[in-house]
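In what follows, a structure is listed as structure tokens, so that the remarks can point back to it.
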There are 2 protein chains.
Amino acid sequence: MANIQEVAKEAGVSVATVSRVMNGGAVTPKTKGKVEEVIRRLKYEPSMLGRNLRNSESRLLLVLIPTISNPYYSDIINGIENAVIPQGYNILLCETDSNPERENIYFDMVRKKMADGIISMDPTVNMEELKILAEDHPIIQCSEYSVESGIPFVTIDNEEAAYRAVSHLVNIGSTDIAMINSDVTFLYARQRQLGYQRALEENGIPFDEEDVYYTNGPSFEHGQQAMRKMLTGHKEYSAVFAVSDLLAIGALKEAHQLGLRVPEDIAIAGFDKIAFSNMTNPALTTIAQPMYDMGTTSAQMLIDKINGRPVESTMMSHELIIRESTIG
Amino acid sequence: MANIQEVAKEAGVSVATVSRVMNGGAVTPKTKGKVEEVIRRLKYEPSMLGRNLRNSESRLLLVLIPTISNPYYSDIINGIENAVIPQGYNILLCETDSNPERENIYFDMVRKKMADGIISMDPTVNMEELKILAEDHPIIQCSEYSVESGIPFVTIDNEEAAYRAVSHLVNIGSTDIAMINSDVTFLYARQRQLGYQRALEENGIPFDEEDVYYTNGPSFEHGQQAMRKMLTGHKEYSAVFAVSDLLAIGALKEAHQLGLRVPEDIAIAGFDKIAFSNMTNPALTTIAQPMYDMGTTSAQMLIDKINGRPVESTMMSHELIIRESTIG
DNA sequence: ATGAAAGCGCTAACAC
DNA sequence: GTGTTAGCGCTTTCAT
């Protein structure tokens, strides 16, 4: 628990020299060796607190997500971590629970210099506040974003991806295709619905607003509810496009519960390719987003921004993964 | 971006007074009002960097987990967060990836005072290092632990829980009960195997080491592999007890893939009651650990430890959740 | 009740 | 190449 002063004194040098040894400044091999010996002997660990104050940086990056229990974020976070750690940063995973108070705690952390910047992946984020914060602090949006905010973002072409997924459902012979969508206040929900609509119309299937089943949330249970409503309704469907895997997995479970076979009686496609989409029976057809790369990219963008380098929004590629839930 | 000096100057008081206003020291209502007005006007946000250095604390707590993608940890982390945030702390979720280097980065953070303490939930943690670190720094073990380390822990009675799960399998009429276990270098794996063994023996079923199928890891795929090996072997089983839900879900998928019906042909029980254990078809019988409470408890223990208060290890309760995978 | 001043541990500009 | 010194922004005695 020694500090830099004690090391300097013990080694018979100045604190500046010790600092230089620590940070690779110009020092004689001889003094360097001597100082290093003392550091080892005294088990000296430089305090980041002093360094942080001096450099007025915390080397901490906030990653805002609505909840940690949504596996959607796992790989993105992995990508972020692997990108920032080699550059001497660490991330603070912030669960907002879509709660403005929680969110404010985290915004405060960057205002109070406990964090150097933010990667926001929270679709429920208070965009007004985020925008204001972005005036004075480095912020990047990942996955969910607002163009008008002027804050740089990383995303995929949601409309095109949904278009491909639904086109696939048409290609396997479905004509009555329902959609399970979350709240259209979210940009991705609107974009994916547009893709659904375009795929139908280009194939001569009229779009009907009644075929879209909206949920009150993003979770498994919401998917179940939507599916129950759909299957107990007056219309029959041969395929369902769900706006996320979690919703699709809920729908799948409910279909089974109501005695339907997937994909024979009804095909189901999801979106995101979360790890669990492969664990269900049948495995889920879905859209793969380049999660990991989205993570590394947004991380690098944030660090660039922190260092005053110019940053451009990025559109990443996606891929349709065809699995058992849409083809026998 | 004003600092305390500017506020003091603008308000015509000393920095000490500003500090008192911020921290609830004794100040005349009149000066207090004046200072607060200036704070608002200058949009002053006190830097935690200065405060942290001065108080030599970071108010940051590390939570060590092997990987964020294992849903097992979600609820525990939730509990931790809700316990620490009201007390002015924040947590840094640390994915070690069971990589000693990664781990060391995080250990370094507490050595370098960037974090005030650690809650370790990583079964692969380097116990030697952790023990040494615990001599100088507050550390709590949650879920996975070593008694010999002398580091306080929070856990459930794994042996008893496994005993109950396997007893349940016996009660529904199974006599040929296999176990899917992970690596017995982990304490929980050893304890749960003991429970499995005791349940068999108390019911007059001889324990056979060959009925235990060991995996090379904790994931879904490892569960699949174990199940494949089991079902393509020479022995037939009517029930399987998996040491975790993730392994059980893998086993379930593989059973389906090989044309077996669950629970009719083979019953499957898991352990942990992760969110997904309810999303499979059939839903999984499992052991519920009081995740959230384990989180809050270990968090409070850590904060107590940081504040020099005495801390006792805690054994928490568990519950057998019987669902479709073991009863038609 | 308020102010002056010391100091938390570190880095970097400047001088030698 | 090395030492001296001035802060980074804050809290907390110690005076008054």
- Across the strands shown, which category fits A/N23 at heavy-atom distances under 4.0 angstrom: base, sugar-phosphate, nothing? sugar-phosphate

Testing the basics here: between [X] and [Y], what is the closest heavy-atom pair and its distance to 0.1 Å?
X: A/P86; Y: A/A83; result: CD-O, 3.6 Å
X: A/K305; Y: A/I139; result: CD-O, 4.4 Å
X: B/S58; Y: A/M114; result: O-CE, 3.5 Å

Checklist entry - Mind checking what makes salt bridge (charged side-chain N to carboxylate O under 4.0 Å, His left out) contact with A/R20, not counting sequence neighbours? => result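 In terms of salt bridge (charged side-chain N to carboxylate O under 4.0 Å, His left out), with neighbours along the sequence ignored, A/R20 is linked to no residue.
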
Reading DNA chain C from 5' onward, which residue's closest nucleotide shows up sooner: B/S14 or A/S19?
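Looking at the nearest nucleotide for each, B/S14 comes out on the 5' side.
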
Closest to the 5' end of DNA chain C, once B/G50 and B/V27 are matched to their nearest nucleotides, is B/V27

Round to a whole Å and report the spacing from CD of B/Q5 to C1' of D/dT11.
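These atoms are roughly 12 Å apart.
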
Atom-to-atom span, CG of B/N52 to C1' of D/dT12 - whole angstrom: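 After rounding, the reported distance stands at 16 Å.
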
Quick one: salt bridge (Lys or Arg N to Asp or Glu O under 4.0 Å) pairs with a partner in residues 34-47 of chain B, sequence neighbours left out?
->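 Applying salt bridge (Lys or Arg N to Asp or Glu O under 4.0 Å) to every pair that reaches into residues 34-47 of chain B, excluding sequence neighbours, yields A/K112-B/E45, B/E10-B/R41, B/E37-B/R41.
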
Within residues 53-61 of chain A, the residues having a heavy atom closer than 4.0 Å to DNA chain D are A/L53, A/R54

Original post:
For DNA chain D, which residues in residues 35-47 of chain A have a heavy atom at a distance below 4.0 Å?
Top reply: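 Within this stretch, nothing sits under 4.0 Å of the strand.
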
Exercise for review: Could you pull out all residues at least two apart from B/T314 that satisfy side-chain hydrogen bond (donor to acceptor under 3.5 Å, both in side chains)?
Suggested key: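 In terms of side-chain hydrogen bond (donor to acceptor under 3.5 Å, both in side chains), with neighbours along the sequence ignored, B/T314 is linked to no residue.
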
Taken in chain and number order and not counting sequence neighbours, the residues that satisfy side-chain hydrogen bond (donor to acceptor under 3.5 Å, both in side chains) with B/S14 are B/T17

Query raised in the report: Is A/T31 near enough to D/dT2 that one of its side-chain N or O atoms lies under 4.0 angstrom from OP1 or OP2?
Result: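 True: A/T31 side-chain N/O within range (under 4.0 Å) of D/dT2 OP1/OP2.
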
Chain A vs DNA chain C, heavy-atom contacts under 4.0 Å, first-to-last nucleotide span, 5' to 3', is C/dG9 to C/dA13

ring-ring contact (aromatic ring centres under 6.0 Å, His included) filter on A/Y145, not counting sequence neighbours, yields A/F153

List in chain and number order the residues that pass ring-ring contact (aromatic ring centres under 6.0 Å, His included) with B/Y72, two or more places apart in sequence or in another chain; answer none if no residue qualifies.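 Partners of B/Y72 under the ring-ring contact (aromatic ring centres under 6.0 Å, His included) test: none.
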
On DNA chain D, does the nearest nucleotide to A/P29 precede the nearest nucleotide to A/V15 from the 5' side, or the other way round? Give the residue.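 Result: A/P29.
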
Any donor-acceptor pair under 3.5 Å linking the side-chain atoms of A/Y292 with those of A/N82? yes

Is the closest side-chain donor-acceptor distance between A/T124 and A/D122 under 3.5 Å? yes

Can you tell whether the side chains of B/K113 and B/E57 come within less than 4.0 Å, N to carboxylate O?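 No.
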
| Looking at B/R102 and A/E81, does any basic side-chain N land under 4.0 Å from a carboxylate oxygen? |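 Counted as a salt bridge, because a side-chain N and a carboxylate O are separated by less than 4.0 Å.
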
* Does the pair B/T185 and B/D183 meet the rule for a side chain to side chain donor-acceptor pair (under 3.5 Å), with working shown? -> CA-CA 5 Å; B/T185 55; B/D183 197 321; 3.0 Å; yes

Parsed dot-bracket for DNA chain C after applying the Watson-Crick and G-U rules with both distances under 3.5 Å and | for other-strand partners is ||||||||||||||||

TODO: Under the side-chain contact (heavy atoms from CB on, under 4.5 Å) rule, collect the residues that match up with B/N104, sequence neighbours excluded.
DONE: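 Here the qualifying residues are B/F107, B/R111.
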
Check: protein-nucleotides 13-16 of chain D nitrogen or oxygen pairs below 3.5 Å:
none

Sidechain-backbone polar pair: B/E103 side chain, B/N126 backbone, donor-acceptor under 3.5 Å: yes

